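Notes for the one structure printed next.
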Amino acid sequence: MKAKRMVLIGFFAAVCFIGTYLHISIDIGGSSTMIHLGTTAIFISAIVIGKDAGIAGAIGCTLFDAFNPKYVAWVLPTFIIKGLTGYTVGYISFLRGKKGNCIWQNIIAFVIGGILSLLGYFIFNWLVFVGFYPAILKMVSSLVTTTLGVAITIPLSSVIKPIMNKSGIVTNYDN
């Protein structure tokens with residue numbers, strides 16, 4: 001793995017951790033859920049570093065869960081769900097050589113990644129943690145988190161992506 005790639009993955013893992021740290025906890029169905037900016041951070045990473053956002057999202061969001069007693073049981077599910085979300089959004093954003101530069105392709109990627117995250121957390125909540133009806137209730141916080149991610153990342157990407165492209169930091173970044 002090239003040093004530049006490792007540094008960017010590490011940087012975006014830290015951004016994902018901070019995004020998840022910026023949260024509002026909500027108690028629903030006998031357990032905690034939250035609205036956070038971790039998904040926003042994953043979406044931003046995906047348009048910059050492509051499918052490596054899967055590694056960054058998995059590490060950053062999982063570290064938040066690991067260091068918070070309220071969410072420590074979510075370490076493995078978060079690693080899987082946020083890893084797949086970041087990978088999927090990055091993969092789609094970089095399809096056909098677009099490298100995160102096509103707003104419509106990015107929007108499609110955000111929506112698909114958001115649905116993947118929603119379904120992943122719903123399935124784990126339903127089958128492992130709280131049962132069907134509380135899992136439905138908890139989807140509300142996941143839906144808000146995903147909607148925030150899409151709503152923030154779309155306009156932000158039109159600012160961040162040109163700056164990153166012009167700076168040369170991610171020029172020819174290929175994963």
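Since we're looking at a predicted model, the values are computed, not measured. When reading the values below, keep in mind they use all heavy atoms of this one structure, side chains included, and skip hydrogens, waters and symmetry mates.
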How long is the straight-line distance from [atom2] of [Y] back to [atom1] of [X], given to the nearest 0.5 Å?
X: Ile55; Y: Phe79; atom1: CD1; atom2: CZ; value: 8.5 Å
X: Leu143; Y: Leu118; atom1: CG; atom2: CG; value: 5.5 Å
X: Ile115; Y: Thr88; atom1: CD1; atom2: OG1; value: 11.5 Å

Return a table of donor-acceptor pairs under 3.5 angstrom between the side chains of residues 124-133 and protein atoms on other chains or two or more places apart.
| unit_1 | atom_1 | unit_2 | atom_2 | d |
| --- | --- | --- | --- | --- |
| Asn125 | OD1 | Lys138 | NZ | 3.4 |
| Asn125 | ND2 | Tyr121 | O | 3.1 |

Where is the tightest heavy-atom contact between [X] and [Y], given as atom of each residue plus distance?
X: Ile35; Y: Thr145; result: CA-OG1, 3.2 Å
X: Gly60; Y: Cys16; result: CA-CB, 4.1 Å
X: Thr33; Y: Tyr71; result: O-OH, 3.3 Å

- Query: Among Thr85, Ile152, Ile154, Leu156, which residue meets the side chain to side chain contact (heavy atoms under 4.5 Å, CB included) test with Phe43?
  - Reply: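 Option passing the side chain to side chain contact (heavy atoms under 4.5 Å, CB included) with Phe43: Thr85.
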- Per the side chain to side chain contact (heavy atoms under 4.5 Å, CB included) rule, which among Ile47, Ile92, Ile42, Thr40 passes with Phe110?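 So, applying the side chain to side chain contact (heavy atoms under 4.5 Å, CB included) to Phe110 and each of Ile47, Ile92, Ile42, Thr40, only Ile47 qualifies.
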- Task: Report the C-alpha separation of Gln105 and Leu95 in whole Å, then their side-chain angles, then the decisive distance to 0.1 Å, and conclude whether the side chain to side chain contact (heavy atoms under 4.5 Å, CB included) test is met.
- Result: CA-CA 8 Å; Gln105 192 165 309; Leu95 273 176; 3.4 Å; yes
- By the rule that ILVMFWY residues connect when side-chain heavy atoms come within less than 4.5 angstrom, directly or transitively, which residues belong alongside Val159?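 When side chains under 4.5 Å apart are linked, the cluster holding Val159 also contains Ile163.
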- Query: Is the backbone of Trp74 close enough, under 3.5 Å, to the side chain of Thr78 for a donor and an acceptor to pair up by distance?
  - Reply: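 Checking the backbone N and O of Trp74 against the side chain of Thr78, a donor-acceptor pair under 3.5 Å is found.
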- Message: So does Asp65 get a backbone contact from the side chain of Asn68, meaning a donor-acceptor N/O pair under 3.5 Å?
- Response: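 No; zero donor-acceptor contacts below 3.5 Å.
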- With sequence neighbours left out, write down each residue that passes ring pair (Phe, Tyr, Trp, His ring centres under 6.0 Å) with Tyr87, or none if nothing qualifies.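 None.
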- Message: I'd like to know whether the aromatic ring centres of Phe64 and His23 sit less than 6.0 Å apart in this structure.
- Response: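 Under 6.0 Å, so yes.
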- Query: Under 4.5 Å between any side-chain heavy atoms of Ser31 and Pro134, yes or no?
  - Reply: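 Answer no - side chains too far apart.
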- Message: Taking the side chain as everything from C-beta on, heavy atoms only, tell me whether Asn106 gets closer than 4.5 Å to Lys161.
- Response: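 When only atoms from C-beta onward are counted, Lys161 and Asn106 do not touch, as no gap falls below 4.5 Å.
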- Message: Walk me through whether Ser93 and Lys51 qualify under side-chain hydrogen bond (donor to acceptor under 3.5 Å, both in side chains).
- Response: CA-CA 9 Å; Ser93 294; Lys51 55 190 176 184; over 6 Å; no
- Judged by modelled atom types alone, do Thr20 and Lys82 share a side-chain donor-acceptor pair under 3.5 Å?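 Judged by distance alone, the side chains do not pair up.
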